[in-house]
Every structure is written in structure tokens, then in C-alpha cells.
Trainee: 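Here's a structure for you.
What you see is a predicted model, and the numbers here were worked out from it, not measured in a lab. Counting starts at 1 for both ligands and their atoms, following the listed order.
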Amino acid sequence: MIGATGRTGMHVLEQGAARGHEVTAFTRKPELLDGRDDLLAVVRGDATDPSSVGEAVAGQDAVIAAVGGSGIARTLIATMRAAGVRRVVMTSSRSVPATRPRFAVGMAWLIFRKAYVDLARAEGMLEISGLDWTVVRATRLVDRPRKGRVHVDFEADATGGEAMLPRADYAMALLDAAEDDAMIGEMPGVCGARAGAP
Ligand SMILES: NC(=O)c1ccc[n+]([C@@H]2O[C@H](COP(=O)([O-])OP(=O)(O)OC[C@H]3O[C@@H](n4cnc5c(N)ncnc54)[C@H](OP(=O)(O)O)[C@@H]3O)[C@@H](O)[C@H]2O)c1
């Protein structure tokens, strides 16, 4: 699990362990996980460093990256190929493909252009990686109580759900994607569940 001590990553660790997975946490700040006994291992390192990432991915069934980017994608692809690990789920942003609502997406691109261009690069790298990849594109992540539901779709503009997506629900969507072979080769968009929606 890459980005393990981030605000989403912490939820992935907790929910992954609760689902019965043996989770290896990869982080630059292992001290934040001191005392955790629900993890298989904690590996310290930068996710762009092939040596420490290679140590963490060896022997894993799947890798979840709760943080995206081309440097991380490049390192994951190389180390996973070398270790013979095929399944990877990487975080991206819904703003990468979205064109609507025009004002909100335009403003977001003005502010976060560099990050979105890099996420687009990372998505492309995974697409041609030959790995069993899924890119999960989140809308706006917020620290709100978990609903236990999300809206998942494959259309660019995320019209079917709420723009605000609790990080705990996004973590659930990352784990759901990793467990679902039908998601291999897909780039689902994930938004918050609408009130009253199934
Ligand atoms: N915020 C949004 O609304 C939004 C929307 C769509 C997508 N996203 C994506 O969702 C991701 C997760 O969001 P979040 O709010 O949970 O982020 P966060 O709290 O900032 O967590 C990101 C984690 O990734 C780690 N990280 C970053 N680069 C790393 C590297 N090179 N090596 C090792 N660890 C690294 C950070 O480590 P350190 O603590 O050591 O820095 C941090 O723990 C974001 O990275 C972003 O790409 C965000």
C-alpha cells in the first residue's frame, strides 16, 4: 500500500486489514504507524525509489497506490514487472478527463494544472504497462464521515454523484477495485454517493 500514512491511505490500511488482507504499508513516515499490530509489515521509503519499492512489492498479490503521479507509476511498473506482481490500483483525479462543470473544472485546471498533467502521464504509463492495472479517479476528497457507498461510473463528467467524496469511502472504492478483476484495464470515476441513491 503506497501512500499509506496519507489521509486516504490510513483508511485503506484500516479497511484492508478489517477485510482480512495482509497489508504491507509503504511510507516515508513509518513512525506514524508505531504500535499498529494489524499490518503485515511497514517499509520505509520514497515511492520513486526502486530499491525500497522493490522490497515492498515483492511477493504481494496486489499494490494499491493512494497517491498518484508519473514518478510513482514509473517506479511501480518497473519494480512490479521485476517481481512478477501484476495487479495495481492507482489513484488519479476525476479532473483529468472532466470537462464539466466548465467553470469548476476550468478553475481546478488553472490551479492544479501541473499535477493533472502528471496524473495524465501516469495514467498513460499504466495503460501501456502490460500490468493488470486499474486507475481510480476521485472527485474532491474530504474528511467527512464514511457513507459506505460511492457512485462509480465511466463517464468523464461525474454527473451521477456528489462532487464531495469522503476519504474513507474513496479508500473503500480502492479496495473494491483491487478485489474486482472486472476492473482490470478500467478507469472508473468515483464520486460521493447521492442521498437516497442505492
Ligand atoms: N485532494 C483531492 O481532492 C484529490 C482529488 C482527486 C485525487 N486526489 C489524489 O488523491 C491522493 C490522496 O489524497 P489524500 O488527500 O489522501 O492525500 P495526502 O493526505 O496528502 O496523502 C498522500 C500521501 O502520499 C504520500 N506520498 C506522496 N508522494 C510520495 C512519495 N514519493 N513516496 C512516498 N509517499 C509519498 C504522502 O507522504 P508524506 O506524508 O510523506 O508527504 C502522503 O502520506 C492525492 O495524492 C491526489 O493525487 C486528491
Side-chain angles (χ1 to χ4, degrees), residues 1-16 23-34 36 39 41-57 63-80 88-98 101 104-105 107-123 125-126 134-144 146 150-153 156-158 161-175 177-178 187-192:
M1 216 262 108
I2 310 283
T5 49
R7 288 166 291 177
T8 302
M10 285 289 207
H11 290 291
V12 177
L13 293 185
E14 190 184 316
Q15 294 178 34
V23 182
T24 295
F26 185 89
T27 174
R28 298 189 283 211
K29 298 174 182 155
E31 64 278 5
L32 294 179
L33 299 172
D34 280 352
R36 290 280 294 253
L39 302 173
V42 178
V43 178
R44 176 201 290 270
D46 189 290
T48 58
D49 168 41
S51 153
S52 47
V53 174
E55 182 194 334
V57 303
V63 176
I64 294 178
V67 55
S70 62
I72 294 172
R74 183 179 299 110
T75 310
L76 276 179
I77 292 165
T79 55
M80 289 179 65
V88 56
V89 174
M90 194 192 75
T91 289
S92 184
S93 169
R94 195 54 184 264
S95 296
V96 169
V105 171
M107 288 304 289
W109 266 89
L110 267 181
I111 299 165
F112 300 114
R113 184 176 185 282
K114 208 172 152 198
Y116 294 160
V117 167
D118 191 58
L119 285 172
R121 264 192 209 113
E123 292 185 355
M125 291 162 92
L126 277 183
T134 305
V135 168
V136 185
R137 292 165 165 163
T139 48
R140 187 164 160 213
L141 296 173
V142 291
D143 286 322
R144 293 201 181 157
R146 183 179 175 185
V150 291
H151 173 81
V152 179
D153 64 41
D157 292 335
E162 298 285 351
M164 306 275 190
L165 173 60
R167 285 184 170 85
D169 289 325
Y170 182 54
M172 176 190 77
L174 288 170
L175 285 159
M187 297 196 191
V190 178
C191 345

Trainee: So for ligand 1, is Thr48 a polar contact partner (N or O within less than 3.5 Å, distance only)?
Mentor: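 Min N/O separation from ligand 1 is not below 3.5 Å for Thr48.
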Trainee: Ignoring hydrogens, what is the shortest heavy-atom contact between Leu33 and Ala25? Give both atom names and the distance.
Mentor: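 Here Leu33 and Ala25 meet closest at CD1-CB, 3.6 Å.
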Trainee: Got a sec, which residues hit side-chain contact (heavy atoms from CB on, under 4.5 Å) with Val105, two or more places apart in sequence or on another chain?
Mentor: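 Only Ala98, Pro101, Trp109 meet the side-chain contact (heavy atoms from CB on, under 4.5 Å) criterion with Val105.
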Trainee: Taking all non-hydrogen atoms of both residues, which atom of Ser52 and which atom of Asp46 are closest, and how far apart?
Mentor: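 In terms of heavy atoms, the two residues are closest at OG-O, 3.7 Å.
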Trainee: Return the closest protein heavy atom for atom 44 (C) of ligand 1 as residue, atom name and distance.
Mentor: Ala66 O, 4.4 Å
Trainee: Mind listing the closest non-hydrogen atom pair of Pro97 and Arg137 along with its distance?
Mentor: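 Heavy atoms of Pro97 and Arg137 come nearest at CG-NH1, 3.5 Å.
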Trainee: May I ask you to identify, for Thr91, whether its side chain, its backbone, both or neither come under 4.0 Å of ligand 1 on a heavy-atom basis?
Mentor: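 Answer for Thr91: side chain.
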Trainee: Could an N or O of ligand 1 be found under 3.5 Å from any N or O of Tyr170, whether backbone or side chain?
Mentor: no
Trainee: Does Arg146 reach the side chain of Pro166, with side-chain heavy atoms less than 4.5 Å apart?
Mentor: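 They are not in contact (no side-chain heavy atoms under 4.5 Å apart), so the answer is no.
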Trainee: Mind checking salt bridge (charged side-chain N to carboxylate O under 4.0 Å, His left out) for Arg121 and listing every partner two or more places apart, or none if nothing turns up?
Mentor: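 With neighbours one apart ignored, the set is Asp118.
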Trainee: Of the backbone atoms (N, CA, C, O) and the side-chain heavy atoms from C-beta on, which set of Ser92 has a member under 4.0 Å from an atom of ligand 1: side chain, backbone, both, or neither?
Mentor: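 Only the backbone of Ser92 comes within reach of ligand 1.
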Trainee: Please list, in number order, the atoms of ligand 1 under 4.0 Å from a heavy atom of Thr5.
Mentor: 43 (O)
Trainee: Quick check: does Arg140 get an N/O under 3.5 Å from an N/O on ligand 1?
Mentor: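 The answer is no, given that Arg140 and ligand 1 share no N or O pair closer than 3.5 Å.
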Trainee: Just need the protein heavy atom nearest to atom 37 (O) of ligand 1, so name the residue and atom and give the distance.
Mentor: Arg28 NH2, 3.6 Å
Trainee: What protein heavy atom lies closest to atom 39 (O) of ligand 1? Include the residue and the distance to one decimal.
Mentor: Lys29 NZ, 2.8 Å
Trainee: Can any side-chain N or O of Tyr170 pair as donor or acceptor with the backbone N or O of Val136 at less than 3.5 Å?
Mentor: yes
Trainee: List the closest protein heavy-atom neighbour of atom 32 (N) of ligand 1: residue, atom name, distance to the nearest 0.1 Å.
Mentor: Ala47 N, 2.7 Å
Trainee: If you measure every N or O of Ile72 against every N or O of ligand 1, does any of those distances drop under 3.5 Å?
Mentor: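 Looking only at distances, the answer is no, because the N/O contact criterion of under 3.5 Å is not met.
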Trainee: Measuring from non-hydrogen atoms of Thr139 to any atom of ligand 1, is the shortest distance under 4.0 Å?
Mentor: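 Within the 4.0 Å threshold, so yes.
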Trainee: Keeping Thr139 on the side-chain end and Ala163 on the backbone end, is there a donor-acceptor pair under 3.5 Å?
Mentor: yes
Trainee: Looking only at distances, can you tell me whether any N or O atom of Asp46, backbone or side chain, sits closer than 3.5 Å to an N or O atom of ligand 1?
Mentor: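 Between Asp46 and ligand 1 (N or O atoms, distance only) the closest approach is under 3.5 Å.
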Trainee: Which of these, Leu175, Val42, Ile64, Leu39, sits in a side-chain contact (heavy atoms from CB on, under 4.5 Å) with Val23?
Mentor: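 Between Val23 and the candidates, side-chain contact (heavy atoms from CB on, under 4.5 Å) is satisfied uniquely by Leu39.
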Trainee: Less than 3.5 Å between some nitrogen or oxygen of Leu141 and one of ligand 1, yes or no?
Mentor: yes
Trainee: Grab the two heavy atoms, one from Ile2 and one from Ala47, that are nearest each other, plus how far apart they are.
Mentor: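 Heavy atoms only, the tightest pair is CG2-CB, 3.6 Å.
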Trainee: Would atom 46 (C) of ligand 1 count as contacted, meaning some protein heavy atom under 4.0 Å?
Mentor: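 No, there is no protein heavy atom closer to it than 4.0 Å.
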Trainee: Specify the protein heavy atom at minimum distance from atom 25 (C) of ligand 1: its residue, its atom name, and the distance to 0.1 Å.
Mentor: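 Nearest neighbour among protein heavy atoms for atom 25 (C) of ligand 1, to 0.1 Å: Gly3 CA, 4.0 Å.
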Trainee: Note the single closest protein heavy atom to atom 20 (O) of ligand 1, along with its residue, its atom name and the distance in Å.
Mentor: Arg7 NH2, 3.7 Å
Trainee: Short list, please: which atoms of ligand 1 are under 4.0 Å from a heavy atom of Gly6?
Mentor: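 That gives atoms 19 (O), 21 (O), 23 (C), 42 (C), 43 (O) of ligand 1.
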Trainee: Have a look at ligand 1 and work out which part of Arg137, if any, has a heavy atom under 4.0 Å from it: side chain, backbone, both or neither.
Mentor: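 The answer is neither.
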Trainee: Could you tell me, atom by atom, which parts of ligand 1 come under 4.0 Å of a heavy atom of Val67?
Mentor: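 Ligand 1 atoms under the 4.0 Å threshold to Val67: 24 (O), 27 (C), 45 (O).
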Trainee: Of all heavy-atom pairs between Thr8 and Ala171, which one has the smallest distance, and what is that distance?
Mentor: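 What the structure gives for the nearest pair is O-CB, 4.0 Å.
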